Amino acid sequence: MSKSPNKNWRPATTLVHGGTLRSQYGEMSEAIYLTQGFAYDSSEAAEARFKGEADGYIYARYGSPTNDMFEKRMCALEGAEEARATASGMAAITAALMCQLRAGDHIVAARALFGSCRWVVETLAPRYGIECTLVDGRDLANWEAAIKPNTKVFFLESPTNPTLEVIDIAGVAKLANQVGARLVVDNVFATPLFQRPLELGAHVVVYSATKHIDGQGRSLAGVILSDREWVLEHLQDYYRHTGPAMSPFTAWTLIKGLETLPIRVAQQTSNAAKIADFLAEQSKVAKVIYPGRKDHPQADIIAKQMTGGSTLVCFELKGGKEAAFKLQNAMEVVTISNNLGDTRSIITHPATTTHKNLSDEARTELGISPGTVRFSAGIEDAYDLLEDFAQALKQI
Ligand SMILES: *Cc1c(COP(=O)(O)O)cnc(C)c1O
């Protein structure tokens, strides 16, 4: 017995009830089906399922009930027809790109990408004869100029990591449509609650569910969402035969994570906004970038495509690396780590950790200086976080 995702539900309701499949026991909390495979009532039933003539699961690498619940809940939230759960965000992104590309094709990608994503398009794809052009994604003219006759995929994240630059998703989608290419959007930083890339014209949305969707630092996970036609034509066979499938146990932690996603993201965003405003007034801080503030360089695009600010704040300290290290080391509530979207507040120094593999030149292009710090707001009390920043700044 299942509850069908009701289109008219608002996100908070969808995230509690969407996609639930109850077994004959009527369990309240979703069951975890930790099974590799499924039994058939007869040889004929097995044959029919393999032929695709009968509904039902075949093998957990292809799909399984707990994963199905997670995928259906994500589809209902995102407004997508199909989803595939993966073992990590990078498995989702690599599958979403590689399943639709072949030798001789060309990708245009924004240069401000999560480090591993940049490796996939810049280093991995060319090994298989797929060319890639990286552009400053903030200017639509750069996307247009990079188009070649063999351009098949556009790829971007917005807001970007760590400097929270914003890209006009509808504008890039329009260019992609004009040349028959598809736009893949990594929507991790915006969360599915604040930005709906499919409605803005993107063809495929990918998440690292490790971030806000789990949001409690427990799981490594990802998900790919799109329309049924694209999934059947491009992703289905790639996903089944290369094996990026998620563990059902992970799917269950994510189902539970989704139930509280709106509450967590609201608290994180409220905390992030308060910290951004506080930092903007500090003399030791050179610059604050926060998508919820009027002084964000792309506030006009944010107003057009996002319905909330961000759970992240990027800021630059005047004293460079030394000041950044001192601040981080002095924080008491906030932890030094490199996850984001967690219930715990996290602070990161991109130049020496997440972005250390880039050349100095590439880091400068992305606006990452030795004094750049990324803050991911948790769900703690805002005043404890403000006090923590105040005492840590004094120690610089
Ligand atoms: C974390 C992250 C990824 C990679 O996800 P994993 O779950 O770590 O594999 C990709 N893109 C963005 C924007 C991320 O923040």
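In each ligand, atom 1 is the first atom listed, and ligand 1 is the first ligand listed. In this text, all values refer to a predicted model and were calculated from it rather than measured experimentally.
Distances between N or O atoms of D186 and those of ligand 1 include at least one value under 3.5 Å. Polar contact check, G89 against ligand 1: a nitrogen or oxygen pair lies under 3.5 Å apart.
Using 4.0 Å as the threshold, N161 has no heavy atom nearer than that to any atom of ligand 1. At a 4.0 Å cut-off, not a single heavy atom of A92 sits close enough to ligand 1 to count as contact.
N339 and R344 are not linked by any side-chain donor-acceptor pair at a separation below 3.5 angstrom, with hydrogens and angles left out of the test. A side-chain N or O of Q395 and one of Q391 form a donor-acceptor pair less than 3.5 Å apart. Counted by atom type alone, T20 and R73 present one or more donor-acceptor pairs between their side chains at under 3.5 Å. For S369 and T372, the side-chain atoms include at least one donor-acceptor pair closer than 3.5 Å.
Exactly one residue among L340, D342, L193 makes a side chain to side chain contact (heavy atoms under 4.5 Å, CB included) with H212. That residue is L340.
Contact annotation: for E157 versus ligand 1, heavy atoms closer than 4.0 Å belong to the side chain alone.
When the heavy atoms of A87, S208, A91 are ranked by distance to atom 5 (O) of ligand 1, first place goes to S208.
Nearest protein heavy-atom contact of atom 14 (C) of ligand 1 is K211 NZ, 2.9 Å. The nearest protein atom to atom 4 (C) of ligand 1, hydrogens excluded, is given as F114 CE2, 3.4 Å; this is a heavy-atom distance. From the protein, the heavy atom lying nearest to atom 9 (O) of ligand 1 is M90 N, 2.8 Å.
The A221 neighbourhood of ligand 1 comprises atoms 7 (O), with distances under 4.0 Å to a heavy atom of that residue.
A cation-pi contact, defined as under 6.0 Å to the ring centre and within 45° of the axis, is absent between K211 and Y207.
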Between Y57 and D68, is a side chain to side chain contact (heavy atoms under 4.5 Å, CB included) present by the stated rule, with each step listed?
CA-CA 10 Å; Y57 302 104; D68 215 12; 2.6 Å; yes
